[in-house]
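Taking it in order: structure first as structure tokens, then the write-up.
When a ligand or atom number is given, it counts from 1 through the structure's own listing order.
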Amino acid sequence: MSVITVPQLTDNYAYLVVDDASGKAAVVDCAEPAAVLDAVGKRGLKLEAVLSTHWHGDHTGGNSALAAKVPGIKIYGARAEGGRIPALTDPVDDGDTVKVGNLVGRVLGIPAHTNGHVAYYFASLKALFCGDTLFVAGCGRVFEGRAATMVASLNKLASLPDDTQVFCGHEYTENNLRFALTVEPGNDALKKKYDWARERRREKQSTIPSTIAEEKRTNPFLRTDSAEIRANLKRVNPGLSDDSVEIFAKLREMKDRF
Ligand code: ZN
Ligand code: FE
């Protein structure tokens, strides 16, 4: 069981992280408590905690209702979000650990989408919950940080083991892959992934999780050193340097307009 995906709103995902031995669970992000509590109840689990990745309402809109409905529930979220996470009980910082039953998750500070954005990494499950920072074939918009901040955050995630499963906050995969193909059309892994994702979406199936290895092969925002991407960007932006932050910033700007 371990990780259960619970669709939220139009294209958000909440995830139940389950300690199978004890039946204790935490939910990573929650906008719609009813769907989350339903998923918990159906499986006879005990919801102990909310792991908030960042303050945006589509990720934390359900916190207050969960706090009211589940006595004693802990609500984790970054101290660095400056009090914007509703019903926060347990502020966390980069490097802290969180417990779900006997499972231990590590808090990774990955700012840029928001200043206090965090991911939760469960090594024993080979699972990363990265909210709106790393998406399948994409990354979050840089709302509160700078391009260099996002590059550092993405590099931090890319340095996790290759077989780490990536559970992100939104189903943006198909559109992300369509953009990726405009900048790296010669990438065979990318073409295959796009065909696969289209098929999955046609069948109303999720495209998540991905893996760190797969993202390194297909995600343009982790591929700023690709010769093909650089050449394609320079054709339209002749002044562009080979600096990876500059390449990233240009890619992000193009994606914002895509
Ligand atoms: Zn967000
Ligand atoms: Fe979001």
Checklist entry - Taking only protein atoms, how many N, O or S atoms are found under 2.8 Å from the Fe ion (ligand 2)? => result 4

Decide, yes or no, whether a salt bridge links [X] with [Y] under the criterion of side-chain N to carboxylate O below 4.0 Å.
| X | Y | value |
| --- | --- | --- |
| Lys234 | Asp242 | yes |
| Glu214 | Arg217 | no |
| Arg84 | Glu144 | yes |
| Asp96 | Arg79 | no |
| Asp19 | Lys99 | no |
| Asp188 | Lys191 | yes |

Checklist outcome for this item: For Phe143, the ring-ring contact (aromatic ring centres under 6.0 Å, His included) test, sequence neighbours excluded, returns His56, His113

Next on the checklist: Once ring-ring contact (aromatic ring centres under 6.0 Å, His included) is applied, do any residues pair with Phe129, and if so which ones, sequence neighbours excluded?
Outcome noted: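 Phe129: ring-ring contact (aromatic ring centres under 6.0 Å, His included) contacts with Tyr15, Phe167.
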
Checklist entry - Are any non-hydrogen side-chain atoms of Ser2 and Phe122 less than 4.5 angstrom apart? => result no

Checklist entry - Around the Zn ion (ligand 1), what protein N, O or S atoms are found below 2.8 Å? => result His54 NE2, His56 ND1, His113 NE2, Asp132 OD2

